[in-house]
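Step one of this worksheet: look at the structure below.
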Protein chains: 2
Amino acid sequence: MRKSPTEPAPRRRPDPATRGPGGGRRHFLNRELLLDTAIAVIEKDGHEALTFRRLGAELDVAPTAVYRHFADKDELLRALGERLIEHALDGYEPAPEWRRTVREVAVAARRAYLAHPRVGALALARVTSSDVSFRLTDICLGAFRSLGLDAADAARYYLALVDMTLGSASLESAFAALDPATRAADDAVWGAEFLTASAERFPSLAASAPYMTGAFRDDHFEFTLGLLLDAIELRAAGHA
Amino acid sequence: MRKSPTEPAPRRRPDPATRGPGGGRRHFLNRELLLDTAIAVIEKDGHEALTFRRLGAELDVAPTAVYRHFADKDELLRALGERLIEHALDGYEPAPEWRRTVREVAVAARRAYLAHPRVGALALARVTSSDVSFRLTDICLGAFRSLGLDAADAARYYLALVDMTLGSASLESAFAALDPATRAADDAVWGAEFLTASAERFPSLAASAPYMTGAFRDDHFEFTLGLLLDAIELRAAGHA
DNA sequence: GGCAAACGTGAACGCTGTTGACTTTTTTGA
DNA sequence: TCAAAAAAGTCAACAGCGTTCACGTTTGCC
């Protein structure tokens with residue numbers, strides 16, 4: 001954060017004799033370029049590779065040039081989330097069936113928010129200024145309204161949907177950053193250890209152990225989402 | 001990570017003349033003390049305050065002493081999650097009613113995993129070695145089994161429950177680390193802007209805007225959880 | 001053409017997790 | 001009982017990150 005101008009940081013001035021050239025206005029950097037570069041970096045090397053230094057290297061600029069376009073990293077990440085949503089869902093038209101609409105939006109949004117563990121939280125922290133996001137919210141609320149729910153209930157179910165979608169993305173994104181050895185240990189151990197070790201003490205666990213994998217496949221999220229939509233449909237029917 | 005011993009780091013040796021005293025075995029540090037200190041730090045100042053230096057300061061030891069007890073920060077965080085679960089749920093006995101059981105476990109687990117955004121992901125990455133966690137998994141699976149579900153279905157619903165619970169914790173934990181001004185901006189803007197600005201373009205959004213807050217209250221998670229449990233109950237009935 | 005604004009640069013800061021050699025204390029085994 | 005090994009804590013330092021601030025260059029405006 002930039003400090004109050006009344007309190008200059010006690011920092012040694014660079015020796016003018018050794019200071020190199022300034023940058024000047026080159027007029028090729030802009031937010032969109034930075035964001036698209038950030039997306040490419042994440043897709044190639046994961047979200048932990050997204051540093052200012054990396055962005056600078058990719059675009060042949062000083063890392064600090066990024067601060068001319070984004071106040072700080074959180075602002076970069078917020079804008080990143082919005083851009084990913086636009087890429088995925090700009091121009092989206094609702095499907096004829098409400099469930100399909102909500103599913104398509106949620107699955108795509110989750111995929112977008114997988115980019116970085118903080119993106120979901122940042123999306124929730126500030127009302128977006130993006131027309132695409134407004135429109136998607138409107139579409140989902142409209143889908144719930146088509147079930148006969150009033151505005152307050154539609155909002156409540158929408159927030160449940162958001163919590164689940166962004167939560168799943170946040171969790172999986174954090175998981176993806178763990179080192180592969182840490183992650184890989186899981187499946188093998190569930191399979192081996194509990195078929196034999198603790199069947200008497202934990203019988204339900206022993207019986208289900210072979211099936212306790214796959215929490216992060218896309219179709220697993222869609223399964224959970226389907227449960228949520230079942231419940232919403234059930235409750236809406238109860239309102240009628 | 002400690003490197004292979006075949007490849008010493010090219011680092012300048014400290015001048016023996018200036019090197020002070022080593023630490024010796026004082027036998028008062030242990031994992032439990034470190035974990036409980038970590039918990040206290042997080043509760044007092046939030047998860048970003050949890051650094052090795054902070055732990056060292058709290059216990060009057062060098063920060064690097066922590067490495068004698070935990071291989072790295074991830075291992076500390078994993079152990080932290082397990083300890084929090086033990087605090088919350090050790091000795092838990094299932095309620096007479098399956099929904100209440102699952103709800104009590106999920107709400108308490110979510111509360112534990114709010115400690116740090118990475119704890120949920122770390123919990124998923126490795127099969128726990130904690131009896132408490134095994135037992136809780138067994139209890140939840142047992143609750144689903146009591147609905148007449150088979151072992152594979154019980155596992156699938158359990159994973160949905162885990163995804164939702166840990167996801168919600170991960171998201172909210174990340175949200176909690178944002179600065180208060182970023183967080184506070186949200187509610188005011190939902191209230192003001194959309195009652196007036198875009199009602200024609202986004203009618204459902206405009207109607208629901210006054211209700212679009214409160215995503216992070218505990219009762220909101222319980223509402224979403226209730227939806228999930230409704231759906232599980234409905235699908236279990238379809239199996240009968 | 002000169003000045004102000006915009007934007008990029010470079011040096012440096014503060015902070016974090018981490019490494020590896022050293023020191024001190026405790027434990028072990030003969 | 002003593003010496004050696006093990007355990008555990010210390011210290012100095014590293015690499016890397018986000019960030020700040022002063023400087024330098026380019027562009028746009030009057």
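Quick note on labels: first sequence line is chain A, next is B, and so on, each numbered from 1. These numbers come from the heavy atoms of this one structure, side chains and all, not from hydrogens, waters or symmetry mates. Given the structure is predicted, the values throughout are model-derived calculations rather than measurements.
The only member of A/Asp163, A/Thr165, A/Leu171 that meets side-chain contact (heavy atoms from CB on, under 4.5 Å) when paired with B/Leu171 is A/Asp163.
B/Asn30 pairs by the side-chain contact (heavy atoms from CB on, under 4.5 Å) definition with B/Glu32, B/Leu33, not counting sequence neighbours. Under the side-chain contact (heavy atoms from CB on, under 4.5 Å) criterion, A/Arg31 pairs with A/His69, A/Phe70, A/Glu75, A/Ala79, not counting sequence neighbours.
B/Arg135 and B/Asp90 are not joined by a salt bridge, as no carboxylate oxygen comes within less than 4.0 angstrom of a charged side-chain nitrogen.
Distances shown here put a side-chain N or O of B/Arg26 below 4.0 Å from the OP1 or OP2 atom of D/dT10. At the phosphate of C/dT18, OP1 or OP2 sits under 4.0 Å from a side-chain N or O atom of B/Tyr67. Taking only side-chain nitrogens and oxygens, A/His69 comes nearer than 4.0 Å to OP1 or OP2 of C/dG8.
B/Tyr211 has its ring centre no less than 6.0 Å from the ring centre of A/Tyr158.
Per the geometry, CG belonging to A/Leu34 stands 12 Å off P belonging to C/dC7, to the nearest Å. Atoms CG (A/Asn30) and P (D/dT27) sit 16 Å apart, rounded to a whole Å. Straight-line distance from the CZ atom of A/Phe28 to the C1' atom of C/dA6: 15 Å, rounded to whole Å. Here D/dG18 presents its P atom at 15 Å from CD of A/Glu75, a figure rounded to the nearest Å. C/dT25 atom P lies 16 Å from atom CG of B/Leu29, rounded to whole Å. Rounded to whole Å, the distance from CG on A/Asp72 to C1' on D/dC17 is 14 Å. Rounded to an integer number of Å, the gap from CZ of A/Arg54 to C1' of D/dG18 is 17 Å. Distance B/Arg118 CZ to C/dT16 P: 16 Å, rounded to the nearest Å.
For A/Arg25, counting side-chain heavy atoms from C-beta on, the closest listed nucleotide (C/dT9, D/dG9, C/dA6) is C/dA6. Taking the side chain of A/Lys73 as heavy atoms from C-beta on, and the options C/dT9, D/dC17, D/dA8, the nearest nucleotide is D/dC17. Closest contact between the side chain of B/Arg53 and the listed nucleotides D/dA22, C/dG17, D/dA12 involves C/dG17. Between C/dT16, C/dA21, C/dT9, one nucleotide has an atom nearer to the side chain of B/Arg68 than all others, and that is C/dA21.
Using a 4.0 Å heavy-atom cutoff across all strands shown, B/Leu55 reaches no nucleic acid atom at all. Contacts of A/Leu76 with the nucleic acid, taken as non-hydrogen atoms under 4.0 Å apart, are absent.
Checking B/Phe52 against A/Ala62, the closest nucleotide of DNA chain C that is more toward the 5' end is the one next to A/Ala62. Of the residues near DNA chain D, A/Glu48 and A/Thr64, the one whose nearest nucleotide (by heavy atom distance) lies more toward the 5' end is A/Glu48.
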